[in-house]
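Before any comments, here is the structure.
All ligand and atom numbering here is 1-based and tracks the order in the structure.
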Amino acid sequence: MAPTRKVADVLRGRAAFPPPVWIMRQAGRYLPEYRATRARAGGFLDLCFTPELAVEVTLQPIRRFGFDAAILFSDILVVPHALGRDVRFEEGRGPVLQPIEAGEIGGLDQSRFHDVLAPVYETVARLRAELPPETTLLGFCGAPWTVATYMIAGHGTPDQAPARLFAYRQAPAFHALIDRLADVSAQYLIRQVEAGADAVQIFDSWAGVLDEDLFERFCVKPVARIVEAVRAVHPQVPIIGFPRGAGVLVEGYRERTGVSAVGLDWTVPMAQARRLQQGGAVQGNLDPLRLVAGGAALDDGVDRILAGLGGGPLVFNLGHGIVPETPVAHVEQLLKRVRGAVR
Ligand code: CP3
């Protein structure tokens with residue numbers, strides 16, 4: 001009999017209480033063992049592309065906390081890297097890319113895409129073999145809009161002004177970039193599923209800076225295109241969409257994109273989250289700073305989510321990634337609170 005993987009089950013719409021739990025960026029700098037492996041790897045991309053090390057850091061939070069899901073250790077920016085763009089991660093600065101120009105988009109080189117990403121697929125396969133059978137293995141990619149923001153600006157910005165201006169001023173080239181990213185991202189997710197991922201998440205971390213028109217064209221449509229392409233090959237695989245910061249535009253996101261589950265950031269009000277949950281699973285949405293603060297701020301935040309969303313299909317998570325200054329003891333407190341919950 002196939003093992004029960006709670007996160008995957010809930011993503012398909014089956015409620016469980018207490019809910020299963022994992023944390024975005026659960027393998028990261030708040031863990032001393034991550035910092036040690038990271039130092040050994042040299043560059044951040046070396047860590048992503050060395051299966052032995054990527055497997056090790058993916059498993060670290062599973063060993064320490066027994067989360068219900070493991071997320072492949074990689075980054076959304078391996079996709080532009082695999083399209084031949086220069087991508088670096090600089091200490092204290094985050095990602096730095098060579099900003100793409102309109103004239104370069106048609107010439108993006110896809111010929112080595114899967115070869116460059118082969119170590120990622122190997123990491124997925126090794127992870128599925130090594131993980132406990134009940135632990136869901138999540139693959140992921142960045143949504144085209146979010147990946148495009150880094151490709152265009154060449155680094156993170158607070159409001160993605162360079163990418164928004166590019167979309168307005170050079171619309172045909174921008175469309176071509178988004179379509180290309182949607183196609184290769186779908187191929188990338190399909191390979192992850194074939195290597196052993198039980199479900200996948202599409203991170204649209206910068207969905208929150210677009211007006212309604214651009215949100216529809218550059219967040220909803222390309223994610224729908226990815227979902228359709230993945231489902232054509234793997235109709236059953238759960239897909240989580242995470243349109244961070246979308247506000248009221250998250251209404252109908254599941255129906256319009258076809259994702260199985262919607263990831264919610266911490267600003268989504270409970271009434272809206274409950275409405276979204278009528279259509280299927282939701283994931284989230286504790287403020288990561290409640291986890292930094294600990295104490296009553298953490299307990300109250302957990303209790304509120306469990307009371308509001310615990311009656312339906314919920315994957316407990318933060319509303320965005322865990323931050324490096326989070327005390328490990330607070331993660332233990334969160335897990336105890338979620339897992340000890342009674343209704
Ligand atoms: O544990 C996990 O969640 C899996 C690994 C993972 C990483 N990045 C590792 C990482 C995942 C799922 C991501 C996704 C990612 N990467 C997103 C979407 C989610 C989000 O947080 O909004 C984005 C926007 C990126 C791009 C990116 N990568 C940025 C902006 C940065 C710098 C910011 C930072 O936190 O330093 C990264 C670097 C990065 N990716 C780190 C990790 C653990 C930290 C770098 C390091 O260890 O040196």
Side-chain angles (χ1 to χ4, degrees), residues 7 21-49 53-65 67 69-81 85 87-97 120 123-124 127 136-151 153-158 160 163 181 185 188-189 192 197 199-209 219 240-246 263-266 283-284 288 317-326 331:
V7 170
V21 51
W22 68 281
I23 287 183
M24 287 187 275
R25 291 279 185 99
Q26 63 192 13
R29 286 164 295 184
Y30 74 106
L31 287 177
E33 59 269 37
Y34 172 84
R35 295 195 298 268
T37 312
R38 171 82 174 75
R40 199 148 62 86
F44 178 76
L45 281 179
D46 297 317
L47 181 53
C48 294
F49 288 126
L53 298 178
V55 166
E56 167 59 23
V57 293
T58 305
L59 294 177
Q60 284 169 350
I62 307 302
R63 286 193 205 111
R64 193 190 260 268
F65 304 113
F67 287 121
I71 182 159
L72 161 71
F73 190 86
S74 182
D75 196 84
I76 65 168
L77 299 178
V78 300
V79 164
H81 170 74
R85 303 303 294 174
V87 178
R88 292 155 209 259
F89 288 84
E90 289 181 5
E91 212 57 57
R93 226 190 130 193
V96 181
L97 293 79
V120 176
T123 300
V124 172
L127 279 168
T136 297
L137 175 58
L138 298 170
F140 73 91
C141 70
W145 160 248
T146 288
V147 174
T149 64
Y150 291 97
M151 291 179 78
H155 51 84
T157 75
Q160 306 309 340
L181 287 173
S185 301
Y188 180 46
L189 291 182
Q192 292 180 41
V200 294
Q201 175 154 330
I202 303 171
F203 286 90
D204 216 346
S205 303
W206 290 104
V209 299
C219 290
I240 308 162
F242 177 48
R244 184 172 77 93
L264 308 176
D265 67 76
W266 69 91
Q283 175 175 281
N317 205 316
L318 301 182
H320 196 202
I322 186 170
V323 301
E325 45 286 13
T326 307
V331 179

Open item on the list: Is it the case that the side chains of W145 and Q160 hold a donor-acceptor pair, with the cut-off being a distance below 3.5 Å and no angle test?
Closed with: no
TODO: Could you tell me whether the side chains of Q26 and Q60 share a donor-acceptor contact shorter than 3.5 Å?
DONE: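 Side-chain D/A pair, Q26 to Q60: absent.
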Task: Residue pair R63, E56: steps toward the salt bridge (charged side-chain N to carboxylate O under 4.0 Å, His left out) verdict - done: CA-CA 10 Å; R63 286 193 205 111; E56 167 59 23; 3.1 Å; yes
Task: V57 near ligand 1 by a heavy-atom separation under 4.0 Å - done: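 Checking ligand 1 against V57, which is what was asked, there is no heavy-atom contact under 4.0 Å.
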Hey, does [X] come in under 3.5 Å of ligand 1, counting only N/O atoms on both sides?
| X | value |
| --- | --- |
| D75 | yes |
| R38 | yes |
| E91 | no |
| A27 | yes |

Check: [Y] main-chain N/O paired with [X] side-chain donor or acceptor under 3.5 Å:
| X | Y | result |
| --- | --- | --- |
| R25 | R29 | no |
| T37 | E33 | yes |
| N317 | Q283 | no |
| S185 | L181 | yes |
| T146 | W206 | yes |

Going by the atom numbers of ligand 1, which of them fall below 4.0 Å from some non-hydrogen atom of [X]?
| X | value |
| --- | --- |
| F89 | 28 (N), 37 (C), 38 (C) |
| P95 | 29 (C), 30 (C), 31 (C), 32 (C) |
| F73 | 5 (C), 9 (C), 43 (C) |

Counting non-hydrogen protein atoms only, what is the nearest one to [atom]? Give residue, atom name and distance.
| atom | value |
| --- | --- |
| atom 20 (C) of ligand 1 | H320 NE2, 3.1 Å |
| atom 18 (C) of ligand 1 | S205 OG, 3.2 Å |
| atom 43 (C) of ligand 1 | Y34 OH, 3.5 Å |
| atom 9 (C) of ligand 1 | S74 O, 3.3 Å |
| atom 14 (C) of ligand 1 | I76 CG2, 3.8 Å |
| atom 4 (C) of ligand 1 | L72 O, 3.5 Å |
| atom 11 (C) of ligand 1 | F140 CZ, 3.7 Å |
| atom 39 (C) of ligand 1 | F44 CZ, 3.6 Å |

Would you mind finding which of [options] brings a heavy atom closest to [atom]?
| atom | options | result |
| --- | --- | --- |
| atom 24 (C) of ligand 1 | F203, Y150, Y30 | Y150 |
| atom 33 (C) of ligand 1 | Q201, R29, R93 | R29 |
| atom 3 (O) of ligand 1 | H155, R25, R35, R244 | R25 |

Open item on the list: Between H320 and F203, is the ring centroid distance below 6.0 Å?
Closed with: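 For H320 and F203, the ring centres are not under 6.0 Å apart.
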Task: Centroid-centroid under 6.0 Å between F44 and F73 rings - done: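 For F44 and F73, the ring centres are under 6.0 Å apart.
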Task: Separation between CD1 of I322 and CD1 of I23, rounded to the nearest 0.5 Å - done: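 Between atom CD1 of I322 and atom CD1 of I23 there are 5.0 Å.
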- [ ] Nearest 0.5 Å please: distance from the CG atom of L72 over to the OG1 atom of T123.
- [x] 6.5 Å
